[in-house]
Amino acid sequence: MANDASTVFDLVILGGGSGGYAAALRGAQLGLDVALIEKGKVGGTCLHNGCIPTKALLHAGEIADQARESEQFGVKATFEGIDIAAVHKYKDDVIAGLYKGLQGLIASRKITYIEGEGRLSSPTSVDVNGQRVQGRHVLLATGSVPKSLPGLEIDGDRIISSDHALVLDRVPKSAIVLGGGVIGVEFASAWKSFGTDVTVIEGMKHLVPVEDENSSKLLERAFRKRGIKFNLGTFFEKAEYTQDGVKVTLADGKTFEAEVLLVAVGRGPVSQGLGYEEAGVAMDRGYVLVDEYMRTNVPTISAVGDLVPTLQLAHVGFAEGILVAERLAGLKTVPIDYDGVPRVTYCHPEVASVGITEAKAKEIYGADKVVALKYNLAGNGKSKILKTAGEIKLVQVKDGAVVGVHMVGDRMGEQVGEAQLIYNWEALPAEVAQLVHAHPTQNEALGEAHLALAGKPLHSHD
């Protein structure tokens with residue numbers, strides 16, 4: 001290995017996804033000399049295989065649904081079907097535009113970008129393309145890949161991952177989605193909009209099981225109405241090929257058949273064979289362990305993003321990367337409150353939340369100290385215009401702050417920004433109730449919910 005000792009960077013980053021490139025951009029902005037190493041394309045999973053392409057598919061599905069349902073709005077339209085090649089072109093054009101912009105940002109900040117597969121070779125160096133890149137500090141940001149289950153092989157043919165689903169050259173006639181979390185319900189929603197007969201298999205007792213139970217039940221009700229089938233509370237046992245598809249058997253013996261099986265049981269960290277353990281980095285089940293400032297047990301190494309056991313969200317990666325860059329530049333940093341991070345599932349209807357669930361609040365504060373209020377979107381003018389159903393649920397510590405906001409309904413992801421401020425600024429219901437929300441907007445529903453919680457409901461019953 002040739003040792004290029006002529007340059008010692010302030011920060012060498014292994015991985016150019018959300019966490020890695022955010023650290024690179026912020027670090028360079030603060031005057032650090034940064035090297036960013038990425039084996040694929042800068043932008044990582046979120047831009048190329050995750051957030052952006054899936055939301056493009058979901059929006060295409062939304063347009064399809066609107067075309068089918070246009071007559072209820074007095075508009076005569078004809079739905080001719082899905083041109084999947086054109087859908088992929090639309091999706092890929094979105095990705096390409098963002099990718100070009102990101103490349104421009106990297107270049108404009110004078111970051112040394114190295115394309116190649118890197119490996120940690122010491123606590124202060126990464127080997128890539130036959131060269132040793134030295135740094136005063138190394139940031140590990142190698143991300144994650146789709147996981148499977150023991151004995152279930154993802155072959156890319158009939159048993160596929162989300163990566164395969166994003167480039168599938170057809171709309172499957174039928175699909176089984178194994179996993180009812182964020183990835184599973186988003187693909188189930190998009191495929192249903194495209195015309196696929198979808199069944200979701202979830203071993204836990206609810207869809208999106210990490211959300212407040214009320215949100216899960218509302219989503220299940222909406223999926224039933226849309227004709228999306230699901231089986232809850234029984235775990236997967238095996239999958240096997242049939243003559244023209246795949247058959248899934250559950251632990252209770254129940255079977256399901258479809259054209260394809262999408263395995264959406266989560267994502268696992270990319271850390272094998274990258275030299276982490278040899279450099280002395282503490283790990284657990286493939287994840288790199290860090291403290292609240294993203295520091296590993298090795299003083300010169302930090303880690304961020306899906307590689308560490310925090311929320312697997314692109315915006316969490318951004319925040320963690322920025323935190324590391326600012327800490328290394330000598331700025332005062334504040335640990336991330338992960339409960340205060342907004343979470344959105346972009347199915348139809350959307351599920352959005354920030355803060356803690358009612359169950360968690362009762363566990364922390366005691367059942368008698370927790371107040372919950374539900375505001376039905378049926379009382380919201382803009383939601384009626386959009387013909388969306390759902391609720392906003394507030395969780396409050398009695399006589400105190402709102403500690404959870406849980407929303408279900410179309411476009412609720414766009415309302416989570418204010419919800420985030422309410423939680424993170426520890427707002428009292430009466431304080432939010434004083435704010436004047438524009439009418440008619442869906443955002444107004446948040447204001448109405450807080451009016452009700454403050455004891456002065458307007459467009460809702462006492």
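The residues of the chain are indexed from 1 along the displayed sequence.
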Test side chain to side chain donor-acceptor pair (under 3.5 Å) on Y423 and D337; report intermediate values, then the result. CA-CA 11 Å; Y423 171 85; D337 174 6; 3.2 Å; yes
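- The structure places CZ of F318 at 11.0 Å from CG of L313, a figure rounded to the nearest 0.5 Å.
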Under 3.5 Å donor-acceptor pairs involving side-chain atoms of residues 26-34, not counting sequence neighbours:
residue : atom : partner : partner atom : Å
R26     : NE   : E326    : OE2          : 2.8
R26     : NH1  : Q29     : OE1          : 2.6
R26     : NH2  : E326    : OE2          : 3.1

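- For E448, the side chain to side chain donor-acceptor pair (under 3.5 Å) partners at least two apart in sequence or on another chain are H459.
- The closest donor-acceptor contact from the side chain of S148 to the backbone of L152 lies under 3.5 Å.
- Among pairs with a residue in residues 385-394, those fulfilling salt bridge (charged side-chain N to carboxylate O under 4.0 Å, His left out) read D212-K393, E358-K393, at least two apart in sequence or across chains.
- Looking at every heavy atom in both residues, V334 comes nearest to L323 through O-CD1, 3.5 Å.
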Distance-only check: which donor-acceptor pairs under 3.5 Å involve side-chain atoms of residues 177-193, not counting sequence neighbours?
residue : atom : partner : partner atom : Å
E186    : OE1  : K55     : NZ           : 2.9
E186    : OE2  : K55     : NZ           : 3.4
E186    : OE2  : Y346    : N            : 2.8
S189    : OG   : R226    : NH1          : 2.8
S189    : OG   : H348    : N            : 2.9
S193    : OG   : D65     : OD2          : 2.7
S193    : OG   : S189    : O            : 3.1
S193    : OG   : R226    : NH2          : 2.9

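- A side-chain donor from one of N443 and E418 sits under 3.5 Å from a side-chain acceptor of the other.
- Annotation: side chain of P309 is in contact with side chain of L289 (closest heavy-atom distance under 4.5 Å).
- Taken to the nearest 0.5 Å, the SG atom of C347 stands 8.0 Å off from the CD1 atom of I228.
- Residues that satisfy the salt bridge (charged side-chain N to carboxylate O under 4.0 Å, His left out) test with K229, not counting sequence neighbours, are D197.
- R411 CZ: 12 or fewer foreign heavy atoms inside a 6.0 Å radius.
- Shown here for T441 and K382, the closest heavy-atom pair between the two residues is C-CB, 3.7 Å.
- Here V270 pairs with T142, V145, L274 under the side chain to side chain contact (heavy atoms under 4.5 Å, CB included) rule; sequence neighbours left out.
- Here the CG-OG distance, from N49 to S161, works out to 8.5 Å after rounding to the nearest 0.5 Å.
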Applying side-chain contact (heavy atoms from CB on, under 4.5 Å) to S302 and R327, what does each step give before you reach the verdict? CA-CA 11 Å; S302 297; R327 172 169 57 78; 2.7 Å; yes
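- Within the structure, the salt bridge (charged side-chain N to carboxylate O under 4.0 Å, His left out) test picks out no pair touching residues 140-155 (sequence neighbours left out).
- Among all heavy-atom pairs drawn from L47 and I95, the shortest one is O-CG1, 3.5 Å.
- Residues that satisfy the salt bridge (charged side-chain N to carboxylate O under 4.0 Å, His left out) test with E220, not counting sequence neighbours, are absent from this structure.
- There is no side-chain donor-acceptor pair under 3.5 Å between Y375 and N380.
- Judged by the 6.0 Å and 45° rule, R68 forms a cation-pi pair with F79.
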Could you walk me through whether H137 and D10 pass the side-chain contact (heavy atoms from CB on, under 4.5 Å) check? CA-CA 6 Å; H137 201 90; D10 295 315; over 6 Å; no
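- Between V263 and I160, the closest side-chain pair of non-hydrogen atoms is not below 4.5 Å.
- Looking at every heavy atom in both residues, F256 comes nearest to I176 through O-CD1, 3.5 Å.
- In this structure, Q272 places its CD atom where only 12 or fewer heavy-atom neighbours from other residues, nucleotides or ligands lie under 6.0 Å away.
- Formation of a donor-acceptor pair under 3.5 Å by the T112 side chain with backbone atoms of A35 is not found in this model.
- With sequence neighbours excluded, the residues forming a salt bridge (charged side-chain N to carboxylate O under 4.0 Å, His left out) with R119 are E278, listed by chain and number.
- Atom CD of Q66 is surrounded by more than 12 heavy atoms from other residues, nucleotides or ligands within 6.0 Å.
- Taking a 6.0 Å sphere around CD of E69, one finds it holds more than 12 heavy atoms contributed by other residues, nucleotides or ligands.
- With hydrogens and angles left out, the side-chain atoms of H406 and T357 include no donor and acceptor closer than 3.5 Å.
- For K173, there are no salt bridge (charged side-chain N to carboxylate O under 4.0 Å, His left out) partners two or more places apart in sequence or in a different chain.
- At most 12 heavy atoms of other shown residues, nucleotides or ligands fall within 6.0 angstrom of atom CE in M204.
- Atom-to-atom distance recorded for H164:NE2 and D157:CG is 9.5 Å, nearest 0.5 angstrom.
- Remark: the backbone N or O of V75 is paired with a side-chain donor or acceptor of S70 at under 3.5 angstrom.
- Remark: side-chain polar atoms of T196 are not paired, donor with acceptor, to backbone N or O of A175 under 3.5 angstrom.
- Counted by atom type alone, R343 and S353 present one or more donor-acceptor pairs between their side chains at under 3.5 Å.
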Take I82 and V87 through the side-chain contact (heavy atoms from CB on, under 4.5 Å) test and state the conclusion after the steps. CA-CA 8 Å; I82 301 295; V87 170; 4.0 Å; yes
Run the side-chain contact (heavy atoms from CB on, under 4.5 Å) test on T249 and E240 for me, step by step, so that the C-alpha distance in whole Å, both residues' side-chain angles and the decisive distance to 0.1 Å come before the verdict. CA-CA 9 Å; T249 304; E240 55 198 320; 4.1 Å; yes
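- Here the shortest heavy-atom pairing between S216 and V208 reads OG-O, 3.1 Å.
- For S174 and E259, the side-chain atoms include no donor-acceptor pair closer than 3.5 Å.
- Nearest approach of I392 to A449, heavy atoms of both residues: CG2-CB, 4.2 Å.
- The number of heavy atoms from other shown groups lying within 6.0 Å of CZ (R221) does not exceed 12.
- Contact annotation: the side chain of E115 never approaches that of K39 to less than 4.5 Å [non-hydrogen atoms, C-beta and beyond].
- Side chains of T242 and R158: no donor on one and acceptor on the other come within 3.5 Å.
- Counting only N and O atoms by type, the side chains of E320 and T310 include a donor and acceptor under 3.5 Å apart.
- Partners of Y99 by ring-ring contact (aromatic ring centres under 6.0 Å, His included), not counting sequence neighbours, listed by chain and number: H48.
- To the nearest 0.5 Å, atom NE2 of residue H206 and atom CZ of residue F230 are 10.0 Å apart.
- Pairs engaging residues 83-98 under the salt bridge (charged side-chain N to carboxylate O under 4.0 Å, His left out) rule: K89-D93 [sequence neighbours left out].
- Between the CG atom in L140 and the OG1 atom in T296 there is a gap of 7.0 Å [rounded to 0.5 Å].
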